[in-house]
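Take a look at the structure set out below.
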Protein chains: 2
Amino acid sequence: MPTVSSEELAAAAGVNSAKLRKDFSYLGSYGTRGVGYDVEYLVYQISRELGLTQDWPVVIVGIGNLGAALAGYGGFASRGFRVAGLIDADRAMTGKQVAGLTVRHTDELEPLIKESGVSIGVIATPAGAAQAVCNRLVEAGVTSILNFAPTVLNVPEGVDVRKVDLSIELQILAFHEQRKAGEEAELREAEAADAVQGGKPAADAAARPTAAKKRTGQGPDGDVPAVMPA
Amino acid sequence: MPTVSSEELAAAAGVNSAKLRKDFSYLGSYGTRGVGYDVEYLVYQISRELGLTQDWPVVIVGIGNLGAALAGYGGFASRGFRVAGLIDADRAMTGKQVAGLTVRHTDELEPLIKESGVSIGVIATPAGAAQAVCNRLVEAGVTSILNFAPTVLNVPEGVDVRKVDLSIELQILAFHEQRKAGEEAELREAEAADAVQGGKPAADAAARPTAAKKRTGQGPDGDVPAVMPA
DNA sequence: CCATCTTTGTGCACGCGTTCACAAAGGCAT
DNA sequence: ATGCCTTTGTGAACGCGTGCACAAAGATGG
């Protein structure tokens, strides 16, 4: 398949084709009218725009379970990331092999960063150590930090930080789970009510999943969550 | 501090106070005019709405580095998540202690889910095993899945899946990093150009970080990324 | 008990992103 | 070469979320 139309791509991605074309137009990927986009050229353009064609040396600090998992994560290499070094404060870890690399002691952090030209650092330390590590990374010239420690990091202007909280995703699932349970309960309620007053039960109840509930002052406790844009 | 105003909270969170009030109004948390919101009551209401007051038993499948890291993650307990069990397909892992729990074999997946009333499953297996695990989880009654494996999972209607790709966050950092580098280069370019034609250099150049570049047909390759809403 | 002050809750307007719809453009068959 | 068909690129309209601004409500002090 040498070319694709925006329509095909949009269908595959589950988005609107116009939006897709407009997005492509931002990066100037000229398609051919009447034909579509040249797949190979398109892939290359997007890869370049996203920085996938560049080599990004990365340093991972804190080689516990999470650090080790990250070091061995397959998805990095294919996206242009190269683990330039693993750093841990624990002397017992130093020298060990993890994912084919030797763990080095914190003392070697700065030289490692400078030698390898690292501009992205990953923090997988306990919360207590994160800020100190962060400071050292920034001081050594790192300008982007991916933080897995459950702390908010303070950084100077010009440094990007992204925080990954593994429990937030679970949180979101739980929220929807609760919502599901709540709606079912509400639906049963509504059915019961409809049955009493002889309304059309199932179809009607299913048709208004978020409608009900208008802030009845009573029952502030055990009731179902109010309607809220998720 | 028994109460807070929306203004204080908004400042702390770095958002607009009106938006914050409007958001609160969705869940019906009535504040008191002239005073603010009762902190304790507010915390309780938000916790309840988010499902933090409920107990969410969770099963983790695939106890490699990542699975182990998740099992030991401190942030779970405080948010109402309880690791009900650890499952691994490798007989060599079975019976081992990880984060205070005994790893159980895949055979025990279904009984575990049913006994503990698990409705949320976490997949931390290699990509190849993920879909099979997913199917078994769904079959056993799990309705929410957090997927760390680098695969897209197919699930029936009514089951929520969230995919966590650890490299995507790095990707985003790299993208901005590239952008930074590009802008600096562009800025230097602009300064040079201004110097030649005697314009006011620094202030002007800094004032239009995204303005330049208007799709000059030439130089499709080595040039700086086009302007694009991040 | 009334006046004043603070802070909430919300109608309204603005702005941005998405979607629609269509003219322009290129391919392809006749 | 000409006309038709397909698909792009984009101007315009729509919808939604955010921010502004103010009236209503409660507290507080005289």
Side-chain angles (χ1 to χ4, degrees), chain A residues 1-46 49-50 172 175-176 179 208-211 213-218 220 223 225-230, chain B residues 1-46 49-50 172 175-176 179 208-211 213-218 220 223 225-230:
Chain A
M1 199 187 221
T3 68
V4 273
S5 70
S6 61
E7 204 67 53
E8 292 173 281
L9 274 177
V15 298
N16 184 288
S17 68
K19 176 166 160 48
L20 197 140
R21 286 199 297 278
K22 193 160 279 186
D23 285 357
F24 281 1
S25 79
Y26 278 116
L27 46 94
S29 290
Y30 288 161
T32 312
R33 299 176 184 223
V35 178
Y37 298 88
D38 182 82
V39 173
E40 195 181 350
Y41 184 68
L42 186 63
V43 167
Y44 169 70
Q45 282 298 330
I46 294 178
E49 184 75 13
L50 260 39
I172 295 171
F175 178 74
H176 284 111
R179 188 67 82 84
R208 53 178 161 110
T210 55
K213 184 127 298 198
K214 187 70 180 186
R215 190 110 306 281
T216 60
Q218 34 86 299
D223 60 1
V227 178
M228 180 177 166
Chain B
M1 198 185 219
T3 68
V4 274
S5 70
S6 63
E7 205 67 53
E8 293 172 280
L9 274 178
V15 297
N16 186 286
S17 67
K19 176 166 161 45
L20 196 141
R21 286 199 297 277
K22 195 162 280 186
D23 285 357
F24 282 1
S25 79
Y26 279 115
L27 47 93
S29 289
Y30 288 160
T32 312
R33 300 178 183 219
V35 177
Y37 297 88
D38 182 83
V39 173
E40 193 181 352
Y41 184 68
L42 185 62
V43 167
Y44 169 70
Q45 283 296 331
I46 294 178
E49 183 75 13
L50 260 40
I172 296 171
F175 178 75
H176 284 110
R179 187 66 82 83
R208 50 176 164 114
T210 54
K213 184 125 301 201
K214 187 72 178 185
R215 193 108 305 279
T216 61
Q218 36 86 300
D223 60 2
V227 177
M228 180 178 163

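Computed from heavy atoms alone, side chains included, the values below leave out hydrogens, waters and symmetry copies. Below, chains carry the letters A, B, ... as their sequence lines are ordered, and counting in each starts from 1.
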Can you check the [X] [atom1] to [N] [atom2] distance for me, whole Å?
X        : N       : atom1 : atom2 : result
Leu20(B) : dG17(D) : CG    : P     : 17 Å
Asp38(B) : dG26(D) : CG    : C1'   : 15 Å
Asn16(B) : dC14(C) : CG    : P     : 17 Å

**Main-chain N/O of Val35(B) paired with Thr32(B) side-chain donor or acceptor, under 3.5 Å** = no

**Request:** Give a yes/no answer on whether the side chain of Lys19(B) brings an N or O atom under 4.0 Å of OP1 or OP2 in dT18(D).
**Result:** yes

**Message:** Show every salt bridge (charged side-chain N to carboxylate O under 4.0 Å, His left out) that has at least one partner inside residues 34-45 of chain A, sequence neighbours left out.
**Reply:** none

**Partner set under side chain to side chain contact (heavy atoms under 4.5 Å, CB included) for Ser17(A), not counting sequence neighbours** =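 Once residues adjacent in sequence are excluded, the partners of Ser17(A) under the side chain to side chain contact (heavy atoms under 4.5 Å, CB included) criterion are Ser6(A), Glu7(A), Ala10(A), Arg21(A).
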
**Prompt:** What distance do Tyr26(A) atom OH and Asp23(A) atom CG have between them, rounded to the nearest 0.5 Å?
**Reply:** 7.0 Å

**Request:** Mind checking side chain to side chain donor-acceptor pair (under 3.5 Å) for Lys22(B) and listing every partner two or more places apart, or none if nothing turns up?
**Result:**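 Lys22(B): no side chain to side chain donor-acceptor pair (under 3.5 Å) contacts found.
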
**Nucleic acid footprint by protein, nucleotides 6-13 of chain D - heavy-atom cut-off 4.0 Å, B for base, S for sugar-phosphate alone** = BBBBBBB-

**Residue among Leu42(A), Val39(A), Val15(A) satisfying side-chain contact (heavy atoms from CB on, under 4.5 Å) with Leu9(A)** =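 The single option meeting the side-chain contact (heavy atoms from CB on, under 4.5 Å) with Leu9(A) is Leu42(A).
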
